[in-house]
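Predicted, not measured: the structure shown is a model, and the values here were computed from it. Per chain, numbering begins at 1; letters A, B, ... match sequence-line order. The figures that follow rest on heavy atoms only: side chains count, while hydrogens, waters and symmetry mates do not.
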Amino acid sequence: MTPPAPIITTDWLSRPAHVIAPALIGCTLVRQLETGQQVRGMIVETEAYGPDDPACHGYRGRTPRTQIMFGPAGFSYVYLIYGMYHCFNVVTDQTDVASAVLVRALEMVDPLPEWVPAKKRQHPHRAAAGPGKLCQVMNIDRQLSDRPLLPSESLWLEARSPSLQIHFDQGDRVLVQTTRIGLSQAQDVPWRWYLQGSPAISKP
DNA sequence: GGTAGGATTACG
DNA sequence: GTAATCCTACCT
């Protein structure tokens, strides 16, 4: 019997995004369905966005959308991009510090939920390879934005298994640090992390 | 009130 | 390479 993984708390997330982003690799995102079923995926790719970061939505100050990033750690920040996809972020750091981690890819562990189209089921390990695809698989949209990441909200994070060894240079899985994807500003900031060799990496 | 551009994706 | 599609932020 393996003990249940601890739920990740606000305290743990109240550190800078560039610290949390690599620490979330190997952790699990869990979605509770009304049927009682749970959809789980291991986080394998993240990006950090912080204050003084021109690529961060909160960089130009508070707006109705970005104020979530200034709020306390442990809340969800979900936004619509290109009119058709959602991106899921975990708010990090102290209150009043604009900061979040974008979760870019999951390795799905359980059977995929029934709303995933048959075409995507053909490659289950790629079903959540990308921030938009991840939100489709987990049924995340803006209704789930600005909510605490807790089981009571049907969406939460669980800690990495102690048996999973992730290191920058060695171990079961190698952690790679590189630059972020799709930006027009701060393209050289190396705040993207991913698990080397994961089939779910959105852009290897 | 108008509009440029976007932390994306799938298809050709 | 490029279309799809709509919200946000910023301008007048």
Side-chain angles (χ1 to χ4, degrees), chain A residues 13 16-25 27 29 41 43-71 73 75-93 97-108 112-113 115-147 149 155 157 176-195 198-204:
Chain A
L13 293 166
H18 66 269
V19 173
I20 300 301
L24 279 176
I25 300 289
C27 299
L29 182 64
I43 297 172
V44 295
E45 183 183 354
T46 57
E47 288 179 358
Y49 292 86
D52 311 314
D53 171 9
C56 178
H57 288 171
Y59 180 67
R60 286 156 206 85
R62 295 172 192 254
T63 68
R65 179 179 67 151
T66 65
Q67 66 170 344
I68 300 170
M69 299 184 85
F70 291 83
F75 277 68
S76 57
Y77 167 49
V78 182
Y79 64 90
L80 182 68
I81 190 159
Y82 297 111
M84 60 186 79
Y85 297 104
H86 295 272
C87 289
F88 169 73
N89 297 252
V90 180
V91 176
T92 55
D93 216 322
V97 179
S99 168
V101 171
L102 170 69
V103 181
R104 287 193 55 92
L106 306 174
E107 278 184 18
M108 303 309 293
L112 296 176
W115 61 72
V116 176
K119 196 160 194 172
K120 296 202 171 176
R121 293 173 175 281
Q122 295 172 15
H123 303 284
H125 53 282
R126 296 284 302 168
K133 297 167 71 177
L134 172 165
C135 285
Q136 288 176 340
V137 168
M138 302 297 272
N139 199 25
I140 293 171
D141 62 21
R142 281 176 300 169
Q143 292 185 112
L144 277 171
S145 193
D146 202 15
R147 310 253 294 261
L149 292 166
L155 184 65
L157 295 162
V176 178
Q177 177 174 7
T178 181
T179 51
R180 298 173 292 185
I181 288 177
L183 304 184
S184 58
Q185 302 184 76
Q187 298 174 27
D188 298 332
V189 176
W191 277 2
R192 172 176 177 239
W193 289 265
Y194 65 86
L195 264 194
S198 170
I201 298 308
S202 60
K203 294 185 180 168

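- Residues satisfying the side-chain contact (heavy atoms from CB on, under 4.5 Å) test with A/A100, not counting sequence neighbours, are A/M69, A/N89.
- The side-chain hydrogen bond (donor to acceptor under 3.5 Å, both in side chains) pairs that include a residue from residues 43-52 of chain A are A/E45-A/R104, A/E45-A/R192, A/E45-A/S202, A/E47-A/Y49, where partners are two or more places apart or lie in different chains.
- Partners of A/T66 by side chain to side chain donor-acceptor pair (under 3.5 Å), not counting sequence neighbours, listed by chain and number: A/T63.
- Nearer the 5' end of DNA chain B, as judged by each residue's closest nucleotide, is the contact made by A/I181, out of A/I181 and A/K119.
- Judged as a side chain to side chain donor-acceptor pair (under 3.5 Å), and not counting sequence neighbours, the contacts of A/Y77 are A/H57.
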| Could you walk me through whether A/I25 and A/V44 pass the side-chain contact (heavy atoms from CB on, under 4.5 Å) check? | CA-CA 5 Å; A/I25 300 289; A/V44 295; 5.5 Å; no
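- In this structure, CG in A/D93 is found 8.5 Å from CD1 in A/I20, a value given to the nearest 0.5 Å.
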| CA sep, side-chain torsions, deciding dist, call: A/I68, A/V91, side-chain contact (heavy atoms from CB on, under 4.5 Å) | CA-CA 8 Å; A/I68 300 170; A/V91 176; 3.8 Å; yes
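- In this structure, the side chain of A/S145 engages the main chain of A/V78 through a donor-acceptor pair within 3.5 Å.
- If you check residues 182-191 of chain A against DNA chain B, the residues with a heavy atom closer than 4.0 Å are A/G182, A/L183, A/S184, listed by number.
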Expected list for residues 125-143 of chain A: side-chain donor-acceptor pairs under 3.5 angstrom, two or more places apart:
residue	atom	partner	partner atom	Å
A/R126	NH1	A/P199	O	3.0
A/R126	NH1	A/I201	O	2.7
A/K133	NZ	A/R126	O	3.0
A/Q136	OE1	A/K120	NZ	2.5
A/D141	OD1	A/Q143	N	2.9

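- Counting only heavy atoms from C-beta outward, the side chains of A/M108 and A/P124 never approach each other to under 4.5 Å.
- Not a single side chain to side chain donor-acceptor pair (under 3.5 Å) links A/T178 to another residue, sequence neighbours left out.
- With sequence neighbours left out, the side chain to side chain donor-acceptor pair (under 3.5 Å) criterion links A/H86 to no other residue.
- When DNA chain B is scanned 5' to 3' for any atom under 4.0 Å from a heavy atom of chain A, the first and last hits are B/dG6 to B/dC11.
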| request: Give DNA chain B the dot-bracket treatment, 5' to 3': Watson-Crick (N1-N3 with N6-O4 or O6-N4) or G-U (N1-O2, O6-N3) under 3.5 Å, [ ] crossing, | other strand. | output: ||||||.||||.
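- The P atoms of B/dG2 and C/dT5 are separated by 22 Å, rounded to the nearest whole Å.
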| message | Return a single string for nucleotides 4-10 of chain C, one symbol per nucleotide in 5' to 3' order, where B is base contact, S is sugar-phosphate-only contact and - is none, cutoff 4.0 angstrom on heavy atoms. | response | BBBSSSS
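- Residue pairs meeting the salt bridge (charged side-chain N to carboxylate O under 4.0 Å, His left out) criterion with at least one member in residues 177-191 of chain A, sequence neighbours excluded, are A/D53-A/R180.
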